[in-house]
*Asks:* 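Sharing a structure with you now.
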Amino acid sequence: MKQMSPSTQTASIPPSQTSDEARKKLAYDAAVQRLIDQKATLNFFRERSAGLFAVASLIASISSTAGLTGEKNPLPLPVSIALMALMALIGLCATFVLWPLKHWGYSPRADAILAANKPLADIYEEATNGMSAAITENDRKLNFRVRMYRLAGLLTLCETLTVVAGAAAST
């Protein structure tokens, strides 16, 4: 790819745009991209959370109905209770991740941009400031869901170890 010299870069800015306006447009574009990235990350963890819950359900189902231990050697009652508790906690974590979000910032409000009777640079700045606030709030909500996903993964590991320990104890 050809490197542009600083003089070439400034020449590519339309004459109607000042350097301040171009800087604000760049910040605006970066904020829009960050909101897109946050939504993609949220969707990624939602998909993985649903899959993790399905795996946890399979582990519980196979351990109880397929008879890892057999009819003659059922899982001990404390192990069965622990598995039910772990499934409930995994389900709760998955639900937190999957639950619809209120007040998630997706993009700047088009109606507010159209209604603004200001210079373009000021509109870029206001929209960017609004998106920056939304990014901060989205990050808080997203980080909580990431922690719930990680907890669900850890609980699924505990569930697997509980099944293995229960199967060993019942033989």
Side-chain angles (χ1 to χ4, degrees), residues 1-61 83-161:
M1 184 154 96
K2 182 181 170 187
Q3 293 289 335
M4 296 173 62
S5 68
S7 61
T8 308
Q9 289 175 350
T10 55
S12 65
I13 298 172
S16 62
Q17 285 187 322
T18 64
S19 62
D20 185 49
E21 184 178 311
R23 181 179 53 82
K24 290 177 181 179
K25 172 72 167 110
L26 183 63
Y28 173 89
D29 291 342
V32 167
Q33 186 59 50
R34 179 72 175 123
L35 288 171
I36 291 168
D37 293 346
Q38 283 181 326
K39 180 63 177 165
T41 302
L42 176 64
N43 287 338
F44 171 82
F45 278 102
R46 283 181 167 166
E47 291 168 8
R48 297 297 181 250
S49 182
L52 192 60
F53 185 64
V55 167
S57 298
L58 279 172
I59 292 168
S61 177
L83 284 174
M84 287 190 315
L86 286 166
M87 267 309 297
L89 291 172
I90 295 166
L92 189 61
C93 290
T95 300
F96 277 130
V97 176
L98 294 168
W99 201 263
L101 290 167
K102 290 184 180 180
H103 311 296
W104 179 269
Y106 292 98
S107 63
R109 291 186 45 209
D111 60 338
I113 292 172
L114 288 174
N117 190 16
K118 299 176 181 182
L120 186 57
D122 293 345
I123 294 171
Y124 280 140
E125 184 174 2
E126 286 179 17
T128 302
N129 289 337
M131 287 187 291
S132 293
I135 288 166
T136 301
E137 183 63 20
N138 288 355
D139 273 342
R140 186 185 64 76
K141 293 174 183 177
L142 187 58
N143 287 334
F144 173 75
R145 278 152 181 80
V146 169
R147 286 192 303 275
M148 288 295 105
Y149 173 79
R150 288 178 179 166
L151 179 58
L154 182 62
L155 291 170
T156 303
L157 175 63
C158 292
E159 178 189 33
T160 304
L161 295 174

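Since we're looking at a predicted model, the values are computed, not measured. Residue numbers count from 1 along this sequence.
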*Asks:* Are Arg23 and Asp20 ion-paired here, with the side-chain N under 4.0 Å from a carboxylate O?
*Replies:*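 Here Arg23 pairs with Asp20 in a salt bridge, since their nearest N and O are under 4.0 Å apart.
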*Asks:* Counting C-beta onward and ignoring hydrogens, is there a side-chain heavy-atom pair between Cys93 and Leu89 closer than 4.5 Å?
*Replies:*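 In short, these two side chains do not touch, never coming nearer than 4.5 Å.
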*Asks:* Is it the case that atom CG in Asn117 sees more than 12 heavy atoms from other parts of the structure closer than 6.0 Å?
*Replies:* no
*Asks:* Please tell me if the side chains of Leu42 and Arg145 come closer than 4.5 Å, counting only heavy atoms from C-beta onward.
*Replies:* yes
*Asks:* What pair of heavy atoms forms the shortest contact from Pro108 to Ala127, and how long is it?
*Replies:*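 Heavy atoms of Pro108 and Ala127 come nearest at CB-CB, 4.3 Å.
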*Asks:* With no hydrogens and no angle check, is any side-chain donor or acceptor of Asp122 less than 3.5 Å from a backbone partner on Lys118?
*Replies:* no
*Asks:* For the pair Lys24 and Glu21, find out whether any cationic side-chain nitrogen is under 4.0 Å from an anionic carboxylate oxygen.
*Replies:* no
*Asks:* Any side-chain heavy-atom pair from Gln33 and Ile36 closer than 4.5 angstrom?
*Replies:* yes
*Asks:* Please evaluate residues Glu47 and Asn43 with respect to the criterion side-chain hydrogen bond (donor to acceptor under 3.5 Å, both in side chains), reporting the C-alpha separation (whole Å), side-chain torsions for both, the decisive distance (0.1 Å), and the verdict.
*Replies:* CA-CA 6 Å; Glu47 291 168 8; Asn43 287 338; over 6 Å; no
*Asks:* Which pairs count as side chain to side chain donor-acceptor pair (under 3.5 Å) when at least one residue sits in residues 96-113, sequence neighbours excluded?
*Replies:*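 Matches after skipping sequence neighbours: Arg109-Asp111.
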*Asks:* For the residue pair Glu126 and Ile123, establish whether any side-chain heavy-atom pair is separated by less than 4.5 Å.
*Replies:*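 No; the side chains remain at least 4.5 Å from each other.
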*Asks:* Quick one: does Glu159's side chain get under 4.5 Å of Thr156's, heavy atoms only?
*Replies:*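 In contact.
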*Asks:* Mark yes or no for whether Ser57, through its side chain, and Phe53, through its backbone, hold a donor-acceptor pair below 3.5 Å.
*Replies:*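 Side chain of Ser57 to backbone of Phe53, a donor-acceptor pair under 3.5 Å: yes, one is there.
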*Asks:* Taking the six-membered ring for Trp, are Tyr124 and Tyr28 parallel (under 30°), tilted (30 to 60°) or perpendicular (over 60°)?
*Replies:* tilted
*Asks:* To the nearest 0.5 Å, what is the distance between NZ on Lys141 and CD on Gln38?
*Replies:*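 One finds 10.5 Å between NZ of Lys141 and CD of Gln38.
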*Asks:* Just verifying a value: how many Å separate Leu142 CG and Ile135 CD1, rounded to the nearest 0.5 Å?
*Replies:*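 With rounding to 0.5 Å, CG (Leu142) is 12.0 Å from CD1 (Ile135).
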*Asks:* Out of curiosity, Leu151 CG to Cys158 SG, how far, rounded to the nearest 0.5 Å?
*Replies:* 9.0 Å
*Asks:* What's the separation between atom CG in Leu52 and atom CZ in Phe45, rounded to the nearest 0.5 Å?
*Replies:*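 Nearest 0.5 Å value for the CG-CZ distance: 11.5 Å.
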